[in-house]
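Each chain gets a letter, A, B and so on, in the order its sequence line appears, and its residues count up from 1. Atom set for the values below is all heavy atoms of this structure, side chains included, hydrogens, waters and symmetry mates excluded.
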2 protein chains.
Amino acid sequence: MILKSPRTVKSSQSLPDPTAQSESFRANREARRKVLVEDYVELISDLLEESQEARQVDIAARLGVSQPTVAKMLARLVADGFVVQKPYRGVFLTEAGQKVAEEARARHRIVEAFLRALGVSEESVLVDAEGIEHYVGDETLAAFKRAIDGGLHDFINRLVTR
Amino acid sequence: MILKSPRTVKSSQSLPDPTAQSESFRANREARRKVLVEDYVELISDLLEESQEARQVDIAARLGVSQPTVAKMLARLVADGFVVQKPYRGVFLTEAGQKVAEEARARHRIVEAFLRALGVSEESVLVDAEGIEHYVGDETLAAFKRAIDGGLHDFINRLVTR
DNA sequence: AATATAATATAGCTATTGCTATAATTAAGG
DNA sequence: CCTTAATTATAGCAATAGCTATATTATATT
C-alpha cells in the first residue's frame, strides 16, 4: 500500500472551491443587508398586533437604538414601500410590508421552536433565534420544520444510520 | 367564568419583555461586529494550512471582495493583534489569531455537521453554516454537538415527550 | 383656546465596509 | 543586474447605521 507523502496530503477538511466559497460570502453579505429591514418590519407588525400602534419611540426602545436612528430607517422603509407613516400616529405596514413581516415571523417562530426542541434555554433561544433566523435558507428551514413536527423518523434515521 | 374583554386579550404569541428584546438585538449587533474578524481569521488559517501562505489577493478572491478592502481589514486585524504581515510574503496569525481561528473553525464544523445530519444539501450547508455560525451561542452549540454525537437519546426524548 | 407634553424631524458627527483607480515596491526570470 | 510581473499601498468616494443635541409640530389637558 502506497501512502501519499505528508506534504501532499490535504487536511481532511480541505477548503471549498474558491468560487463556491466566495459565493457563500457574497450570499451572506446580501443576507446581512436584509437583516435590518426584516427586524424592523417584524417588530412593527408585532407592535401593531399588540397595541394597534407602532411609534418611533417604542420601536427604538425595543431595538435598543435611538429615536433618530429609527426615524432614518423608517424613511428607508417608506422609500422601499414596506411602511407608511401617519403623522404623529406612528407607522403602519403596506401589503408588501405585511408579507415580509409574516415570512419573517414564521421563520423566527420555527427557529425558536426548533431551538427549544433541542433543549436550549429560553434566554438563549431568544437571543440566538434573533441572529440565526436571517441566515436560514428555505431548505434548512424546511429541515427544521420536519425535525419539529412529523418527520421525526427521517431525522432520527439519518442521525442513526450516518 | 369571566372572560377578559377582547381588547385586553393578548395574542397567544405575545411580545417578549422590552428589556429582554432590546438586549437580544444589542447582543446581535455585537455579534455582527465580530463576524468579519472571524471570517478573515478563519480563512487566513485555512489558507495557511493549505498552502503555507495567505496573500491579500487570495483572501480577496475567497471572500469575493477587492484587494484594497482586504488591505484595510488586515490593518485592523494587525491593530487588534490577530495577524502579522511579512512584507510581500502575505499574512500570518499571532497566538491570539490562531485561537480565534480554531474556535471559529470548530464552531463552523459543528454547525456544518449538524445541518448535514438534518439532511440539508451540501450547497445549502456551505452557505447557511457560514451565516449561522456567528450567531450560535455556547449553549446552542453544545446542543448541536449533543444532537450529532452521543446524546441522541436526550434529544429524541425531548422531541417525543414535549 | 392656551399650553404642556409627547412625538417626530433635522443637523451634523463618527465608524465601518465596500468600491475604483493608481502608485509604489518587491521578487523572480532572463 | 535589469526588467517585468506580482503584490501591496494609498487616495478618494459612497452607502449604511449608529450617536447627541436641538428644533419643530401635534395631541391632549386644563
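- In terms of heavy-atom proximity, A/R105 sits nearest to A/S45 at NH2-OG, 3.0 Å.
- The two atoms that bring A/A27 and B/V127 nearest to each other are CB-CG1, 4.0 Å, heavy atoms only.
- The shortest non-hydrogen separation linking B/R62 to A/P16 is NH1-O, 2.6 Å.
- Considering CG of B/L74 and OH of B/Y40, their distance stands at 7.0 Å, rounded to 0.5 Å.
- Using a 4.0 Å cut-off between charged nitrogen and carboxylate oxygen, A/R107 and A/E38 do not count as a salt-bridge pair.
- Shown here for B/V41 and B/G97, the closest heavy-atom pair between the two residues is CG1-O, 3.2 Å.
- Between atom CD1 of residue B/I148 and atom CD of residue B/E112 there is a gap of 10.5 Å, rounded to the nearest 0.5 Å.
- Within residues 64-71 of chain A, the residues approached by DNA chain C to less than 4.0 Å at the level of any non-hydrogen atom are A/Q67, A/P68, in residue-number order.
- Of the inter-residue distances, the one linking A/E50 atom CD with B/L15 atom CG reads 4.5 Å to the nearest 0.5 angstrom.
- Direction of the helix axis in the helix from C/dA1-D/dT30 to C/dG30-D/dC1 shifts by 0° between the two five-pair termini, rounded to 10°.
- Within residues 26-43 of chain B, the residues approaching DNA chain D are B/R29, by heavy-atom distance under 4.0 Å.
- In the region residues 72-86 of chain B, proximity to DNA chain C at under 4.0 angstrom, judged on heavy atoms, holds for B/K72, B/M73, B/R76.
- Note that CD of A/Q98 and CD of A/E95 are 5.5 Å apart. Values are rounded to the nearest 0.5 Å.
- Of the listed residues (B/V125, B/D39, B/V111), just one forms a side chain to side chain contact (heavy atoms under 4.5 Å, CB included) with B/E130, and that residue is B/D39.
- Residues A/D128 and B/Y135 fail the side-chain proximity criterion, which asks for heavy atoms closer than 4.5 Å.
- The pair A/R55-A/E53 meets the salt-bridge criterion, since a charged nitrogen lies less than 4.0 angstrom from a carboxylate oxygen.
- Atom CD of A/E122 has more than 12 heavy atoms from other residues, nucleotides or ligands within 6.0 Å.
- Phosphate proximity of D/dA9 to B/Q56: present, with a side-chain N or O under 4.0 Å from OP1 or OP2.
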What protein N or O atoms touch nucleotides 26-30 of chain D N or O atoms at under 3.5 angstrom, if any, and at what distances?
none

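- A/A61 and B/S22 get closest at one heavy-atom pair: O-CB, 3.3 Å.
- For B/D58, there are no side-chain hydrogen bond (donor to acceptor under 3.5 Å, both in side chains) partners, not counting sequence neighbours.
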